[in-house]
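One structure is given below, encoded as structure tokens.
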Amino acid sequence: MASTLISSKSNSKKSSTNNTATSDNSNETPITEEELKKKETPITINDVLRLRKATNGYLTDTDDNVYKIDFVHFRIRDMKTNKILFEVERGSDDNELNEEVDPSAGRFVQYHFPSSFFKLKQIGALVDFTVGDREVKSFRMIERHYFRDQLIKSFDFDFGFCPPNTRNSIEHIYDMPEFDSKQTKEMIEFPNETKSDSFYFVDNQLIMHKKATYAFDLDRSH
Ligand SMILES: CCCCCCCCCCCCCC(=O)O
């Protein structure tokens, strides 16, 4: 079980969230990215849980973010040692959030982690974000991690309600899956073939889609 810490300008709360570990939602009929792109009604949480592979493109246009949710600070840490593994903040040096990779939208990031990453038990991902002048009801993220189109783990974080015109701070606690040595060897050997799709929903309607790839470097000390 993982948890989410959330605070905002107008309220502050600590809550637990159902970070599910759905393996493949195998009771549901699979659906493809192409089918979802053609869907005429809004894409829902259940829809993305039916995906069996990492996406190639994006399932939203940037202007689907009518709530003007803007991520301004992101930090990943090892919960055991508190060591910061990655941090980026809008406006600091050349660290415009992800814009060097995808200048038009800032919704893609390429991570490099040491291979000791695989031994971590829990990772905290802190995100600070601002909300425009509309309240955000039932803000939720489904994040699916794959290696070579094999689902490793699917996470489900419920942020709840975010008042309008607030800056919010949330830390998602990821319970790491267990990796076997064959899998980690391959993930190191094939950089950027480990991928994630982060789908953000308001009121069960997809409003943002972010992606990441992961490369793992052998630790220098080994
Ligand atoms: C190798 C992947 C297995 C699952 C690991 C989960 C760790 C998540 C770290 C944070 C991911 C941030 C994704 C993002 O940029 O939105």
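Start at 1 and go down the list; that is how both ligands and their atoms are numbered. Everything numeric here is computed off the predicted structure, so don't read it as measured data.
Looking at K211 and S198, their side chains never bring a donor and an acceptor atom within 3.5 Å of each other. A donor-acceptor contact closer than 3.5 angstrom links the side chains of S154 and R144. Using modelled atom types and a 3.5 Å distance limit, the side chains of T44 and N46 yield no donor-acceptor pair.
Evaluation of the side-chain contact (heavy atoms from CB on, under 4.5 Å) rule for R75 yields H73, R77, I84, E87, L126, E171 as partners, not counting sequence neighbours. For K68, there are no side-chain contact (heavy atoms from CB on, under 4.5 Å) partners two or more places apart in sequence or in a different chain.
A cation-pi arrangement is present between R148 and F190, with the terminal nitrogen or guanidinium carbon under 6.0 Å from the aromatic centre and inside a 45° cone about the axis. Cation-pi check for R134 over Y67 is met; the charged atom lies under 6.0 angstrom from the ring centroid and within 45 degrees of its normal.
Near I76, meaning under 4.0 Å from one of its heavy atoms, ligand 1 places the atoms 10 (C). Of all atoms in ligand 1, numbered sequentially from 1 with element shown, those under 4.0 Å from a heavy atom of V109 are 15 (O). Listed by number with element, the atoms of ligand 1 under 4.0 Å from a non-hydrogen atom of M187 are 1 (C). Those atoms of ligand 1 with a heavy atom of F74 less than 4.0 angstrom away are 12 (C). Contact atoms of ligand 1 toward S198: 16 (O) (distance under 4.0 Å to a heavy atom of the residue).
Not a single heavy atom of K210 sits closer than 4.0 Å to an atom of ligand 1. Ligand 1 lies out of reach of K211, whose nearest heavy atom is not under 4.0 Å from it. Put simply, no part of K153 is less than 4.0 Å from ligand 1, judged by heavy atoms. Close to ligand 1: E143, with a non-hydrogen atom less than 4.0 angstrom away.
For ligand 1, one of its N or O atoms has an N or O atom of Y111 under 3.5 Å away.
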Please walk me through it: do K121 and D175 pass salt bridge (charged side-chain N to carboxylate O under 4.0 Å, His left out)? CA-CA 6 Å; K121 300 286 182 222; D175 289 327; over 6 Å; no
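Compare Y174, Y214, F179 by their heavy atoms: the one nearest to atom 3 (C) of ligand 1 is in F179.
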